[in-house]
There are 2 protein chains.
Amino acid sequence: MSIALPREVSERALQAFRDVVGSDHVLTDPDQMREFRDPFWYGGWDEYEASAVVQPESVEEIQAIVRLANEHRVPLWTTSQGRNNGYGGSSPRVRGSVVVNLRRMNRVLTIDEELAYAEVEPGVSWYDLYAAIQAGGHRLMLSCADLGWGSVIGNTLDHGCTYLPYGVDMSAACGLEVVLATGEVLRTGMGAMPGNRAWHTYKRGLGPTLDQLFMQSNYGIVTKMGVWLMPYPETYMPIWVRAWKDDDLAPLVDTLRRLSLDDTIRMVPQICNTLIYASFMTRRTQWWDGDGPIPDEVIDRIARELEVGRWMMRAALYGDEAVVDHRFAKVKAAFEQIPGVEVWGTKTTPENAKNLEHPAERIQAGVPDLEMNFMTGWYGGEESGGHVGFSPVAPLTGGDALTMRDLMRGLIEGRANLDYLGALLMVNARTFIHITMVLFDTANEQQVRGAYDTSKLLVREAAKHGYGEYRAHLDFMDIAADQYSFGDHAYRRFTETIKDAVDPNGILAPGKQSIWPAAMRAWRDG
Amino acid sequence: MSIALPREVSERALQAFRDVVGSDHVLTDPDQMREFRDPFWYGGWDEYEASAVVQPESVEEIQAIVRLANEHRVPLWTTSQGRNNGYGGSSPRVRGSVVVNLRRMNRVLTIDEELAYAEVEPGVSWYDLYAAIQAGGHRLMLSCADLGWGSVIGNTLDHGCTYLPYGVDMSAACGLEVVLATGEVLRTGMGAMPGNRAWHTYKRGLGPTLDQLFMQSNYGIVTKMGVWLMPYPETYMPIWVRAWKDDDLAPLVDTLRRLSLDDTIRMVPQICNTLIYASFMTRRTQWWDGDGPIPDEVIDRIARELEVGRWMMRAALYGDEAVVDHRFAKVKAAFEQIPGVEVWGTKTTPENAKNLEHPAERIQAGVPDLEMNFMTGWYGGEESGGHVGFSPVAPLTGGDALTMRDLMRGLIEGRANLDYLGALLMVNARTFIHITMVLFDTANEQQVRGAYDTSKLLVREAAKHGYGEYRAHLDFMDIAADQYSFGDHAYRRFTETIKDAVDPNGILAPGKQSIWPAAMRAWRDG
């Protein structure tokens, strides 16, 4: 649903922003703004176009921008690096919003070796933080995302997944600084006490803890965050589990649950299907030029030729060598009870991880990378490949995994006429997120339209089975949120009651996760 | 500071409550209400007296009570079991409030063996949940508090500590149902989707996650909660670490941090001083009848005679026997590098834990108990012993531990003329909470007054050193919250802005954690 501002942002407002950040940091030229557009949206569409991009470099400048936005009634849309690919990139929900992009605030403010945490600004990418840790000679590992260019804060605020032990339940973040819609600066948890020593070590404060309230929401602009880092274990061991039959997914998942509940595996494994691996390593045209989705017999051939099976799990063990040895033997014995399943791994050290050949083996050791971005070109190649993420959450059982697979594959192949690329991320011992990479050629309007339309259908179908989205693309945020309707939408009413109270002019990211300010709610509901 | 209702709760309002829950469940008789009074408050004081106790038995009754409270402008104060001892028991912050006590809502609604969680109502105590797990034959361990009579939900909502691996960062809770001040019922996280299968497995939802917002706050009445349970490990091994010198505390803490950051110890250990152990096992009069606090030479004698050292840590290992063996050897080697420190432990099984002699060894295996409540009688005996908890948070470093010890001991001995009983709870690998048990004789008005006055002083002194309270007694909630003043009290303004929006009549627990509704803020500020 297209929602646009009633009128363009005024030249007076833009000039006021220029007075704060300098003319060079207010972008209005379409060429300059292109990289802050959803990169996977069809070129001719303009539903999510911003009217300008403002790039402040300090908390004070953000405070000034927020005050001006209230004065001029300009909706802002905050991005950090703006790499929210598959979910809308740096584009705003409301056409004509001003993007506040925080790339210039890219300082790593602290690395505390003793207590093993860092404090970062929003412009700090995974690459930046990794480099700072290395430059300081710290023996600390960073739980990072699959693509290293993203912002540590931006990814965290959107509930993004990372893979090391602190990736479990997204638990690396501790303690935020936030600019509110009033222009005030608030610190969460212990940070609310000036000079408190436990801001980035203790996850709560006195009174309600607000960290989670500022994630996937539009109640403030986060300007600082604590990030827990893991001291180097003696041994790091990436492991692989490969299954050759499509229905092996169920026993894989049930075995993984048992091994996670008993703490044998404690990190965030990914179980990916054949085509996910194929998309990392090859182009689709190499395998199939027929009509419609790649058929099973071809998938089996790819599975064999690339040696990735129908499902393959990447995971890792961390710890003292004796413990890793014990655990690997246990993992191997458990998975190899499933006929045909193979398990292997190679022990190494955190110091050596950056030299490993497979990007997944580096990423699971916190060494950021961009190699996996190759998959974007599955349809359309490097020039025009794109994807949208459709990512529901389910309990970690084999039954749920098969239900989810059948639902996703059925609709993506049957309705969108596209390939089913599925990755199950185990975010804790009881839960997986089914990341569905709906890949398409952004130059093919019909294909793009089909991908988004099918995603919208999937949101509703998944909800009927009891599965909800963990994150949603701009284009179906409202539909995804509609499914969370318990108590006649009590959750939405509560979050919008808060929105109206803390941001009465509705200037901060209206529509983010379908939280709309009062003045705009008619657009969604009408 | 005494804050009372402008007038008593009207007979009309009480009759309306009786119409909802039945006359038997509205208590106004002082004898019946006695157990809902702060048990450790001086008998003659009435600052925190309730006017009635209402005991609903269903969500619908709570909704009706909340609606009536709005109509009659009656402030409610919710308690579950009401065992908030040391922090005010079941007493309300505002004198004359009606206590909504949820003991009658005591059903264990679900125990899911496969996904290892339970769903409980607020009246379910640790004892109740443990009994239900045992009765169902589930091989699941419950991370419980030191005293088994408390409510699982009540303890969780007040950030209470438990000791098994899920006690780390208080991470056992997942997914709440809440009655709002409007009378609406809201479910958090995935529970906001009707029929969602991951409500009690995934810690977030789509949009901001509200679980933490309903803890230590007054935004709603929690009526259901998911609780993660831990599948039985092969081996359970309680361990003890004893140090004989008072300054050994620093290397104990530094060693513990390293062993926790590297995942060798993953649960919530307690490091307690001599007098904490003495208070569990003996009466003060047995050791000392002189003036003022017990002197060091007597403490040394107690340490020797009870064999508890000057500081002793209780902890436990859980897992496969081979891993436990490796870890115990590592723990022993690490702590025994500190001269004179001794480490011991005995391997057993979860099945056998209920037969262990020491209550701490049972509690660390999730077997609830009340034995430790004996300590309350250190001054005053069983009849009139009492305590107030003063509990600041600090980073887990030896330097912080010594600073905290000196600060606490100095003021408790020097100002309150009482003994220093200190317990450091390691709530995660980077943080401890210093639980200061300020024990006194509730029959001795001067001693009680001294204990509360000193606690207020401690709040301010601790804040000067960068340490804030994790929880506060009714009598110094406002002072404790005052210390969280960053940004000219931006945190408080934000939480009170939310309060005014979601509970405009201010009927839910006014003053809880110093969150006051608009109409009452003048009392605190003036």
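A note on names: the letters A, B, ... follow the listed sequences, proteins ahead of strands, and every chain is numbered from 1. These numbers were taken from a predicted model, which means no experiment stands behind them.
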Given a strict heavy-atom distance threshold of 4.5 Å, which part of [X] is in contact with chain B: side chain, backbone, both, or neither?
X	result
A:T495	side chain
A:T397	side chain
A:D400	side chain
A:F214	side chain
A:L115	both
A:R266	side chain

Can you tell me how far [atom2] of [Y] sits from [atom1] of [X], rounded to the nearest 0.5 angstrom?
X	Y	atom1	atom2	answer
B:D263	A:M230	CG	CE	8.5 Å
B:L213	A:L213	CG	CG	5.5 Å
A:E469	B:M190	CD	CE	8.5 Å
A:Y219	B:T497	OH	OG1	13.0 Å

With only heavy atoms counted, which part of [X] is less than 4.5 Å from chain A, the side chain, the backbone, both or neither?
X	value
B:D211	neither
B:I515	side chain
B:K464	neither
B:H159	both
B:D482	neither
B:R492	neither
B:L157	neither
B:R258	neither
B:P395	both
B:W199	neither
B:L261	both
B:R257	side chain
B:V185	both
B:L229	backbone

query: Do any of residues 164-176 of chain B have a heavy atom less than 4.5 Å from a heavy atom of chain A, and if so, which, in residue order?
result: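 B:Y166, B:D169, B:M170, listed by number.
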Could you tell me which of [options] has the largest number of non-hydrogen atom pairs under 4.5 Å with chain B?
options	result
A:A490, A:A472, A:A192	A:A192
A:H200, A:M477, A:R493	A:R493
A:W228, A:Y117, A:Y470	A:W228
A:S217, A:G487, A:G195, A:G468	A:G468
A:E234, A:R471, A:E184, A:H465	A:E184
A:K203, A:H326, A:M215, A:R187	A:R187

With distance as the sole test, does [X] use its side chain to make a donor-acceptor pair with the main-chain N or O of [Y] at under 3.5 Å?
X	Y	answer
B:N428	A:T201	yes
A:R430	B:A116	yes
A:Q513	B:G207	no
B:Y491	A:L206	yes

A side-chain contact here means heavy atoms from C-beta on lying under 4.5 Å apart; do [X] and [Y] qualify?
X	Y	value
B:D262	A:P233	no
B:Y467	A:R197	yes
A:F494	B:V502	yes
B:V427	A:R204	no

query: For A:Y202, what residues pass the ring-ring contact (aromatic ring centres under 6.0 Å, His included) criterion, not counting sequence neighbours?
result: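 Result, ring-ring contact (aromatic ring centres under 6.0 Å, His included) vs A:Y202: none returned.
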task: List the steps, then state whether side chain to side chain contact (heavy atoms under 4.5 Å, CB included) holds for B:L210 with A:Q212.
output: CA-CA 7 Å; B:L210 304 178; A:Q212 293 285 325; over 6 Å; no
- request: Heavy atoms only: give me the nearest B:M193-A:G466 pair and the separation to one decimal.
  value: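 In this case the closest contact between B:M193 and A:G466 is SD-C, 4.3 Å.
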